[in-house]
Amino acid sequence: MAKGYRSPSPMGGGMNANMIKQAQKMQQDMLKMQAELENATYTATAGGGAVSATVSGKRELASIELQPEVVDPDDIEMLQDLICAAVNEAMRKAESSANEQMSKITGGLNLGGLF
């Protein structure tokens with residue numbers, strides 16, 4: 001350290017009390033947001049509404065609803081494709097919502113996919 005140098009912070013660590021309070025508030029906001037996201041549900045449809053999938057904020061499949069007309073024993077592959085499409089879209093909605101909420105809290109900082 002150069003002679004006569006003084007640290008700009010009385011704490012010497014470069015973080016002042018205001019920065020610590022901001023970090024603590026961000027952490028509290030993130031925990032609250034996480035709980036809210038986990039309790040949320042996201043629904044998507046495929047095949048013009050013939051298949052509906054709902055997932056939780058925990059990225060767990062909560063329900064699948066099928067319209068009777070989509071159940072064709074001669075075309076199981078189409079039903080499978082529609083289910084996959086609906087589930088994948090519901091998962092994308094959950095992920096997008098989580099990213100959007102996280103961005104609001106972090107001010108756009110990229111925290112490396114912590115959530």
Side-chain angles (χ1 to χ4, degrees):
M1 192 180 305
K3 186 175 180 180
Y5 175 80
R6 280 183 50 110
S7 173
S9 170
M11 295 173 66
M15 287 189 72
N16 62 32
N18 189 40
M19 290 173 73
I20 292 171
K21 286 180 185 177
Q22 287 177 339
Q24 288 171 337
K25 181 177 181 341
M26 183 183 291
Q27 182 180 25
Q28 289 171 349
D29 290 347
M30 289 170 69
L31 291 172
K32 180 180 174 189
M33 182 259 323
Q34 244 183 329
E36 290 172 358
L37 287 172
E38 287 180 358
N39 291 322
T41 58
Y42 305 89
T43 301
T45 62
V51 175
S52 176
T54 300
V55 298
S56 73
K58 293 180 181 180
R59 314 303 195 289
E60 295 173 348
L61 184 61
S63 69
I64 294 277
E65 294 179 23
L66 306 174
Q67 297 300 316
E69 63 270 13
V70 78
V71 182
D72 180 354
D74 295 326
D75 196 0
I76 297 297
E77 285 184 32
M78 180 190 70
L79 180 56
Q80 292 169 335
D81 290 344
L82 291 173
I83 290 171
C84 286
V87 170
N88 287 334
E89 181 58 25
M91 292 288 193
R92 279 190 287 276
K93 285 183 176 184
E95 183 70 24
S96 176
S97 178
N99 289 338
E100 183 180 311
Q101 294 302 318
M102 181 58 66
S103 180
K104 287 180 185 177
I105 290 173
T106 63
L109 293 175
N110 182 358
L111 299 178
L114 294 176
F115 298 91

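The pair Arg92-Glu95 does not count as a salt bridge, with every side-chain nitrogen at least 4.0 angstrom from each carboxylate oxygen.
A pairwise comparison of heavy atoms in Glu38 and Ser56 identifies O-CB, 4.4 Å as the closest pair. Smallest separation of non-hydrogen atoms from Gly57 and Tyr42: CA-CE1, 3.9 Å.
The shortest side-chain heavy-atom distance between Glu36 and Lys32 falls under the 4.5 Å cut-off. When side chains are defined from C-beta on, Asn16 counts as touching Met19, because their heavy atoms get closer than 4.5 Å.
With values rounded to the nearest 0.5 angstrom, Asn99 atom CG is found 12.5 Å from Lys104 atom NZ. For the atom pair OG (Ser97) and CE (Met102), the distance works out to 11.0 Å, reported to the nearest 0.5 Å. Here the straight-line distance linking atom CE of Met30 with atom NZ of Lys25 works out to 12.5 Å at 0.5 Å rounding. Expressed to the nearest 0.5 Å, how far CD of Gln22 lies from CD of Gln24 amounts to 11.0 Å.
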Would you list the atom pairs, donor with acceptor, under 3.5 Å between side chains in residues 43-53 and any protein atom, with sequence neighbours excluded?
{"unit_1": "Thr43", "atom_1": "OG1", "unit_2": "Thr54", "atom_2": "OG1", "d": "2.8"}

Pairs of donor and acceptor atoms involving the side chains of residues 63-85, under 3.5 Å and at least two apart or interchain, shall be tabulated with distances.
{"unit_1": "Asp72", "atom_1": "OD1", "unit_2": "Asp74", "atom_2": "N", "d": "2.9"}
{"unit_1": "Asp75", "atom_1": "OD1", "unit_2": "Met78", "atom_2": "N", "d": "3.3"}

